[in-house]
S.K.: 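First, the structure itself, so that you have it in front of you.
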Amino acid sequence: MLGTLRDNFAGTVSRWSDRKAIIFGDRTYTYGDLDASVNRLAHLLIHLGVGKGDGVGLLLHNCAEFAIGFLACQKLGAVSSCLNYRLSPASVGFAVHQEKLKALLFNAELSATAAELMKDAVSCHFICVGGPVPAGAGSFGDCADLPATEPPAPDIKASDLCNVIHTSGTTGRPKGAAFTNETQILTAIQYCLEMGLDRGHVGMSLAPVVIGAATNFFVAYVFIGAAQVMIGEYEAKKALRLIAKHKVTESFAVPTQMYQLAEARRELGDIDVSSLRLFRSGGSALPKTLLNRVRDALGC
């Protein structure tokens, strides 16, 4: 009944191709732009042998390439695997082996971790975002020469697996929690309803988008066809400046980040963050004192 993420994304692109989708650094992707980039990566993944049901790792910061990689997996019926770059190479490697990943996208800044993974994951293709590209890996830039046409569309059902997020591994090795298209769409609907989202809203996750609830936060904006800002690597003053610049309306942040934002807001003086209407939070307890402090400092 709920369909698939691929079909939902295709509907958004068809109806609102000129609407903003992803803002990252000095680049803004409309949904049409995003779709073209997704198709190019999908063609590259097909060339590497990725097909329906295969796992593709996303060892990425909060960047445009995360959105492109996640949605390319949905186009192919592959399973995106959200890998926490803050974990040790051994913990990430456990997930790579457990899920038998066919490909893995990683930021050049994470090349040391990727190099450790490449020692053992000989059947996995590694794709580096940015540079320099380490030995043994391919370049995400190779996508630029590939067609932006739709890749062959496999038969995908709502009950098919589409995404995996991982536990923190604090009590053992990280464990993959698998989402079907249907359950991933249900998280998007839940978030949209709880936060009152519409297509005029702009979201930004400050927590790594590869982690659980932040992944669901990302999917919600794609689902409804709204825009979101990718922060790259988090820093409190940087986050506030992006909120002011792009008129961010909702943000996902863990309590420690919320505390840092309240402190940074006082240091930045008259910066206008009045567009921010709410935070979504998780990961640890949120004391009432901190809640009141954030409301006083940021007005949301």
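All values below come from the heavy atoms of this structure, side chains included, with hydrogens, waters and symmetry mates left out.
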S.K.: Find the distance between CD (Glu235) and CG (Leu240) and round it off to the nearest 0.5 Å.
M.R.: 8.5 Å
S.K.: Do Asp160 side-chain atoms and Lys157 backbone N/O form a donor-acceptor pair below 3.5 Å?
M.R.: yes
S.K.: Side chains of Lys237 and Leu268: does their closest heavy-atom pair fall under 4.5 Å?
M.R.: yes
S.K.: Applying the side chain to side chain donor-acceptor pair (under 3.5 Å) test to Tyr221, which of Arg199, Glu250, His201 qualifies?
M.R.: Glu250
S.K.: Any non-hydrogen side-chain atom of Arg241 less than 4.5 Å from a side-chain atom of Ile271?
M.R.: yes
S.K.: Would you say that Phe218 contacts Cys82 through its side chain, given a criterion of any heavy-atom pair below 4.5 Å between the two side chains?
M.R.: no
S.K.: Which word best sums up how the rings of Phe217 and Phe252 line up, parallel for under 30°, tilted for 30 to 60°, or perpendicular for over 60°?
M.R.: tilted
S.K.: Apply the test side-chain contact (heavy atoms from CB on, under 4.5 Å) to residues Asn163 and Phe70: give CA-CA distance (whole Å), side-chain angles for both, the deciding distance (0.1 Å), then the verdict.
M.R.: CA-CA 8 Å; Asn163 186 42; Phe70 182 93; 3.6 Å; yes
S.K.: At their closest point, which heavy atom of Ala239 faces which heavy atom of Tyr234, and how far apart are they?
M.R.: CB-CE1, 4.3 Å
S.K.: Mind running side-chain contact (heavy atoms from CB on, under 4.5 Å) on Ile243 and Leu298 for me, showing each step along the way?
M.R.: CA-CA 11 Å; Ile243 290 169; Leu298 300 174; over 6 Å; no
S.K.: Treating Lys102 as the side-chain partner and Gly49 as the backbone partner, does any N or O pair qualify as donor plus acceptor under 3.5 Å?
M.R.: yes
S.K.: Could you tell me if Thr187 and Gln184 have a donor-acceptor pair between their side chains, going purely by distance under 3.5 Å?
M.R.: yes
S.K.: Kindly work out whether a path of hydrophobic side-chain contacts (I/L/V/M/F/W/Y, heavy atoms less than 4.5 Å apart) joins Ile23 to Phe223.
M.R.: no
S.K.: State, to 0.1 Å, how close Val50 and Ala103 come at their nearest heavy-atom pair, and which atoms those are.
M.R.: CG2-CB, 4.1 Å
S.K.: Indicate, with yes or no, if Ile165 and Val254 share a hydrophobic cluster defined by side-chain heavy-atom contacts under 4.5 Å among Ile, Leu, Val, Met, Phe, Trp and Tyr.
M.R.: no
S.K.: Hey, could you give me the NE2/CE distance between His246 and Met204, rounded to the nearest 0.5 Å?
M.R.: 8.5 Å
S.K.: Quick one: does Thr149's side chain have a donor or acceptor within less than 3.5 Å of a partner on Asn39's backbone?
M.R.: no
S.K.: May I ask you to decide if Val209's main-chain N or O and Thr215's side chain share a donor-acceptor pair within less than 3.5 Å?
M.R.: yes
S.K.: Does Arg6 count as lying over the ring of Phe9, i.e. NZ or CZ under 6.0 Å from the six-ring centre, within 45 degrees of the axis?
M.R.: no
S.K.: Side-chain contact test, heavy atoms from C-beta onward, threshold under 4.5 Å: evaluate it for Leu45 versus Asp54 and give yes or no.
M.R.: no
S.K.: Just verifying a value: how many Å separate Cys128 SG and Asn107 CG, rounded to the nearest 0.5 Å?
M.R.: 8.0 Å
S.K.: Say you draw a straight line from CZ of Arg265 to CG of Asp270; how long is it, rounded to the nearest 0.5 Å?
M.R.: 7.5 Å
S.K.: Which heavy atom of Leu290 sits nearest a heavy atom of Met258, and at what distance?
M.R.: CD1-C, 4.5 Å
S.K.: Taking C-beta and beyond as the side chain, do Cys143 and Ser37 meet within less than 4.5 Å on heavy atoms?
M.R.: no
S.K.: Should Val129 and Val92 be counted in the same cluster of Ile, Leu, Val, Met, Phe, Trp and Tyr side chains packed under 4.5 Å apart?
M.R.: yes
S.K.: Would you call Arg266-Asp296 a salt bridge at under 4.0 Å N-O?
M.R.: no
S.K.: Any side-chain donor-acceptor pair under 3.5 Å between His166 and Gln98?
M.R.: no
S.K.: Kindly compute the distance separating CG (Leu193) from CE (Met195), expressed to the nearest 0.5 Å.
M.R.: 10.0 Å
S.K.: Determine whether more than 12 heavy atoms belonging to other residues, nucleotides or ligands lie under 6.0 Å from atom NE2 of His47.
M.R.: no
S.K.: Has the side chain of Asn62 got a donor or acceptor atom that lies under 3.5 Å from a matching backbone atom of Ala207?
M.R.: yes
S.K.: Compare every heavy atom of Val248 with every heavy atom of Ser275, then report the nearest pair and how far apart it is.
M.R.: OG-O, 2.8 Å
S.K.: Between the side chains of Thr4 and Asp7, is a donor N or O closer than 3.5 angstrom to an acceptor N or O?
M.R.: yes
S.K.: Starting from Ile127, can I reach Tyr85 by hopping between I/L/V/M/F/W/Y residues whose side chains sit under 4.5 Å apart?
M.R.: yes
S.K.: Over all heavy atoms of both residues, which pair between Gly69 and Leu41 is shortest? Give the atoms and the distance, please.
M.R.: CA-CD2, 3.5 Å
S.K.: Could you check whether atom NZ of Lys245 has more than 12 heavy atoms from other residues, nucleotides or ligands sitting under 6.0 Å from it?
M.R.: no
S.K.: Assess whether side-chain contact (heavy atoms from CB on, under 4.5 Å) is satisfied between Ile185 and Leu5, documenting all intermediate values.
M.R.: CA-CA 7 Å; Ile185 287 174; Leu5 289 171; 3.7 Å; yes
S.K.: Assess whether a salt bridge exists between Lys75 and Glu150, defined as any Lys/Arg side-chain N lying under 4.0 Å from an Asp/Glu carboxylate O.
M.R.: yes
S.K.: Which atom pair, heavy atoms only, marks the closest approach of Lys238 to Ile231?
M.R.: NZ-O, 2.7 Å
S.K.: Does atom NZ (Lys100) have a neighbourhood of more than 12 heavy atoms from anything else shown, all under 6.0 Å?
M.R.: no
S.K.: Got Leu110 and His61 here, is their nearest side-chain heavy-atom distance under 4.5 Å?
M.R.: yes
S.K.: Should Val222 and Leu34 count as side-chain neighbours, where that means a heavy-atom distance under 4.5 Å?
M.R.: no
S.K.: Decide whether Leu58 and Val133 are clustered together by the hydrophobic rule: side chain heavy atoms of Ile, Leu, Val, Met, Phe, Trp, Tyr closer than 4.5 Å, transitively.
M.R.: no
S.K.: Return yes if some donor-acceptor pair links the side-chain N/O of Thr30 with the main-chain N/O of Ser17 below 3.5 Å, else return no.
M.R.: yes
S.K.: Is any side-chain heavy atom of Asn84 closer than 4.5 Å to one of Pro174?
M.R.: no
S.K.: Under the side-chain contact (heavy atoms from CB on, under 4.5 Å) rule, what do Val273 and Leu261 come out as? Steps first, then yes or no, please.
M.R.: CA-CA 11 Å; Val273 292; Leu261 290 169; over 6 Å; no
S.K.: If we ignore hydrogens and angles and just use 3.5 Å, is the side chain of Arg19 paired with the main-chain N or O of Ala226 as donor and acceptor?
M.R.: no
S.K.: What's the spacing between Phe279 CZ and Leu206 CG if we round to 0.5 Å?
M.R.: 6.5 Å
S.K.: Tell me whether the NZ or CZ atom of Arg280 lies within the 45° cone about the ring axis of Tyr191 and under 6.0 Å from its centre.
M.R.: yes
